[in-house]
There are 2 protein chains.
Amino acid sequence: MSDSHIQVTASLDPCGLDEHPDCGIRDVLTRVGDKWSVLVIVELASGVRRFRELQRGIDGISQRMLTLTVRRLERDGLVTRTVFPTVPAQVTYELTALGNSLTHLVKQLADWSLDHRETIARARADYDAHHPDHEIR
Amino acid sequence: MSDSHIQVTASLDPCGLDEHPDCGIRDVLTRVGDKWSVLVIVELASGVRRFRELQRGIDGISQRMLTLTVRRLERDGLVTRTVFPTVPAQVTYELTALGNSLTHLVKQLADWSLDHRETIARARADYDAHHPDHEIR
DNA sequence: CAGTATCCACTTCGATACTG
DNA sequence: CAGTATCGAAGTGGATACTG
């Protein structure tokens with residue numbers, strides 16, 4: 001048994017994952033894990049943004065996906081959407097306090113990804129080399 | 001502008017998200033965000049597990065998805081897979097040091113989810129109440 | 001500008017059946 | 001026990017065209 005396995009058992013299961021299905025954690029994780037949410041959150045972490053500003057700031061996102069993403073974030077209470085009834089319309093997005101509190105965790109995840117980016121890439125290359133024609137993805 | 005928006009701008013973009021597409025962070029996030037990975041990681045955080053043990057410990061996971069999930073985690077270097085050539089076969093899974101380092105972040109995410117679980121649920125109910133027949137999901 | 005509406009491609013997931 | 005193989009349902013994302 002490895003020493004690196006510190007005792008996180010109890011604290012890792014604060015809601016009884018072993019008994020209950022998933023206690024809604026997946027709810028949040030799938031939001032964080034979807035293709036654009038984190039990028040939108042990161043972009044909004046810099047401050048208020050308009051729809052087009054967001055789209056320009058996030059490389060490759062389509063109008064449709066930006067709409068869907070900000071709507072979901074708004075629904076979850078992570079982002080506020082403010083409409084100014086001007087012509088043409090003007091809409092701004094801003095992180096809520098809740099959304100902002102998530103940015104800290106997102107940042108840590110981003111840092112972790114960055115720190116181990118190459119290690120993971122090498123692990124994958126290694127795996128693929130030793131397991132040719134093995135379709136995992 | 002809200003006081004809650006502390007200055008995380010610079011540190012949130014350690015790899016130039018604004019210039020580069022996504023610098024591989026999404027790679028990790030989608031892994032964390034997929035339906036079963038985190039549950040498997042949590043389960044393995046308690047120690048070594050065999051295939052069936054994992055399946056029994058994770059409510060609702062199918063054989064196929066467990067296989068796919070542990071394979072991907074193995075490929076990423078987060079989990080080691082050890083085969084004992086007994087009859088019947090015996091295979092154990094264990095977090096690597098890298099995988100274990102991720103558990104800390106996963107735990108924080110889980111805690112965050114738990115802390116704000118009800119807030120989010122209320123935000124959603126609210127949103128849905130004020131936006132009837134609005135298909136977001 | 002800030003969206004909606006449609007359609008389609010692709011992926012993910014679950015269920016079931018079978019195997020060394 | 002620990003998988004693999006196959007299939008189909010559902011979800012997710014992209015491209016394009018249109019609107020107040």
Side-chain angles (χ1 to χ4, degrees), chain A residues 21-22 26-27 29-40 43-44 48-76 79-94 131-137, chain B residues 21-22 26-27 29-40 43-44 48-75 79-94 127 131-137:
Chain A
D22 66 65
R26 210 147 57 194
D27 238 40
L29 289 174
T30 56
R31 177 72 47 255
V32 168
D34 74 15
K35 192 166 183 183
W36 301 108
S37 292
V38 165
L39 279 328
V40 170
E43 193 64 23
L44 289 179
V48 180
R49 290 284 185 280
R50 295 179 57 176
F51 189 86
R52 291 289 308 178
E53 291 177 326
L54 275 176
Q55 192 171 15
R56 273 189 296 266
I58 302 172
D59 193 85
I61 195 169
S62 65
Q63 217 162 16
R64 171 185 139 81
M65 287 317 297
L66 180 54
T67 300
L68 279 176
T69 303
V70 292
R71 284 292 193 287
R72 291 198 270 238
L73 292 175
E74 185 196 4
R75 187 170 104 103
D76 287 356
V79 158
T80 56
R81 176 173 175 270
T82 311
V83 182
F84 298 93
T86 56
V87 173
Q90 177 171 342
V91 181
T92 62
Y93 294 91
E94 188 174 9
H131 302 76
D133 71 326
H134 197 290
E135 290 302 328
I136 283 189
R137 185 210 173 171
Chain B
D22 66 64
R26 209 145 58 195
D27 237 40
L29 288 174
T30 57
R31 177 72 46 258
V32 168
D34 75 14
K35 193 166 183 183
W36 301 108
S37 291
V38 166
L39 279 329
V40 170
E43 191 65 21
L44 289 178
V48 182
R49 291 283 186 280
R50 295 179 56 176
F51 189 87
R52 292 290 306 178
E53 291 177 326
L54 275 177
Q55 192 171 15
R56 273 189 296 266
I58 301 172
D59 193 86
I61 195 170
S62 66
Q63 215 163 16
R64 173 183 140 79
M65 287 315 298
L66 180 54
T67 301
L68 280 175
T69 303
V70 291
R71 281 293 192 289
R72 292 199 269 238
L73 293 174
E74 184 196 4
R75 187 171 104 105
V79 158
T80 57
R81 176 173 176 270
T82 311
V83 182
F84 298 94
T86 56
V87 174
Q90 177 171 340
V91 180
T92 63
Y93 295 91
E94 189 174 8
Y127 186 94
H131 304 74
D133 70 327
H134 198 290
E135 289 303 327
I136 284 189
R137 186 211 173 172

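Throughout, a chain's letter reflects where its sequence line sits, starting with A, and its residues are numbered from 1.
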Practice problem: Spell out, as yes or no, whether a donor-acceptor pair under 3.5 Å connects the side chain of A:R31 to the backbone of A:L73. | Solution: no
Tell me which donor-acceptor pairs under 3.5 Å the side chains of residues 79-88 of chain A have, and how far apart each pair is, sequence neighbours excluded?
{"from": "A:T80", "atom 1": "OG1", "to": "A:E94", "atom 2": "O", "distance (Å)": "3.3"}
{"from": "A:R81", "atom 1": "NE", "to": "A:Y93", "atom 2": "OH", "distance (Å)": "3.3"}
{"from": "A:T86", "atom 1": "OG1", "to": "A:F84", "atom 2": "O", "distance (Å)": "3.4"}
{"from": "A:T86", "atom 1": "OG1", "to": "A:P88", "atom 2": "O", "distance (Å)": "2.8"}

Practice problem: With sequence neighbours excluded, tell me which residues meet salt bridge (Lys or Arg N to Asp or Glu O under 4.0 Å) with B:R75. | Solution: A:D128
Practice problem: Kindly write out the residues that satisfy salt bridge (Lys or Arg N to Asp or Glu O under 4.0 Å) with A:R49, not counting sequence neighbours, or none if the list is empty. | Solution: A:E43
Quiz item: Are any of A:R50's side-chain N or O atoms less than 4.0 Å away from OP1 or OP2 of C:dA2?
Solution: yes
Practice problem: Round to a whole Å and report the spacing from CG of B:L68 to P of C:dA15. | Solution: 14 Å
Quiz item: Is any side-chain N or O of A:R72 closer than 4.0 Å to OP1 or OP2 of D:dG13?
Solution: yes
Self-check item: Phosphate-side-chain proximity, A:R52 and C:dC1, N/O vs OP1/OP2 below 4.0 Å
Solution: yes
Quiz prompt | Residues in side-chain contact (heavy atoms from CB on, under 4.5 Å) contact with A:L68, at least two apart in sequence or another chain | solution = A:R64, A:M65, A:R72
Practice problem: Could you tell me whether the side chain of A:Q90 reaches within less than 4.5 Å of the side chain of A:F51, counting heavy atoms only? | Solution: no
Check nucleotides 3-6 of chain D for protein N or O atoms closer than 3.5 Å to its own N or O atoms and list the pairs.
{"from": "D:dG3", "atom 1": "OP1", "to": "B:R71", "atom 2": "NH2", "distance (Å)": "3.4"}
{"from": "D:dG3", "atom 1": "OP1", "to": "B:R81", "atom 2": "NE", "distance (Å)": "3.3"}
{"from": "D:dG3", "atom 1": "OP1", "to": "B:R81", "atom 2": "NH2", "distance (Å)": "2.6"}
{"from": "D:dG3", "atom 1": "OP2", "to": "B:Y93", "atom 2": "OH", "distance (Å)": "2.4"}
{"from": "D:dG3", "atom 1": "N7", "to": "B:Q63", "atom 2": "OE1", "distance (Å)": "3.3"}
{"from": "D:dG3", "atom 1": "N7", "to": "B:Q63", "atom 2": "NE2", "distance (Å)": "2.6"}
{"from": "D:dG3", "atom 1": "O6", "to": "B:Q63", "atom 2": "OE1", "distance (Å)": "3.1"}
{"from": "D:dT4", "atom 1": "OP1", "to": "B:R71", "atom 2": "NH2", "distance (Å)": "3.3"}

Self-check item: Rounded interatomic separation in angstrom, taking CE from B:M65 and C1' from C:dT11
Solution: 11 Å
Quiz item: A:E53 CD to C:dA2 C1': how many Å, rounded?
Solution: 13 Å
Quiz item: Roughly how many Å is it from CG in B:D34 to P in C:dG14, rounded to a whole number?
Solution: 11 Å
Quiz item: Under a cut-off of 3.5 Å for both distances of each Watson-Crick or G-U pair, what dot-bracket string does DNA chain C give, using [ ] for crossing pairs and | for inter-strand pairs?
Solution: ||||||||||||||||||||
Practice problem: Among the candidates C:dG14, D:dC1, D:dG14, find the nucleotide nearest to the side-chain atoms of A:W36. | Solution: D:dG14
Exercise. Nearest 0.5 Å please: distance from the CG atom of A:L44 over to the CG atom of A:L39.
Key: 11.0 Å
Quiz item: Atom CZ of A:F84 and atom C1' of C:dC1: how far apart are they, to the nearest Å?
Solution: 14 Å
Exercise. Determine the contact category for A:R31: base if any of its heavy atoms lies under 4.0 Å from a base atom, sugar-phosphate if only primed atoms, P, OP1 or OP2 are that close, otherwise nothing.
Key: nothing
Practice problem: Rounded to the nearest 0.5 Å, what's the gap from CZ on A:R56 to CD1 on A:I61? Could you check? | Solution: 13.5 Å
Quiz item: Can you tell me if B:T92 uses its side chain to pair, donor with acceptor, with the backbone of B:V48 under 3.5 Å?
Solution: no
Practice problem: Verify the contact: side-chain N or O of A:K35 to OP1 or OP2 of C:dT11, cut-off strictly under 4.0 Å; return yes or no. | Solution: no
Exercise. Using whole Å, report how far CG of A:L66 lies from P of D:dT12.
Key: 17 Å
Practice problem: Would you mind reading off the distance between A:L54 atom CG and C:dC1 atom C1', rounded to a whole angstrom? | Solution: 13 Å
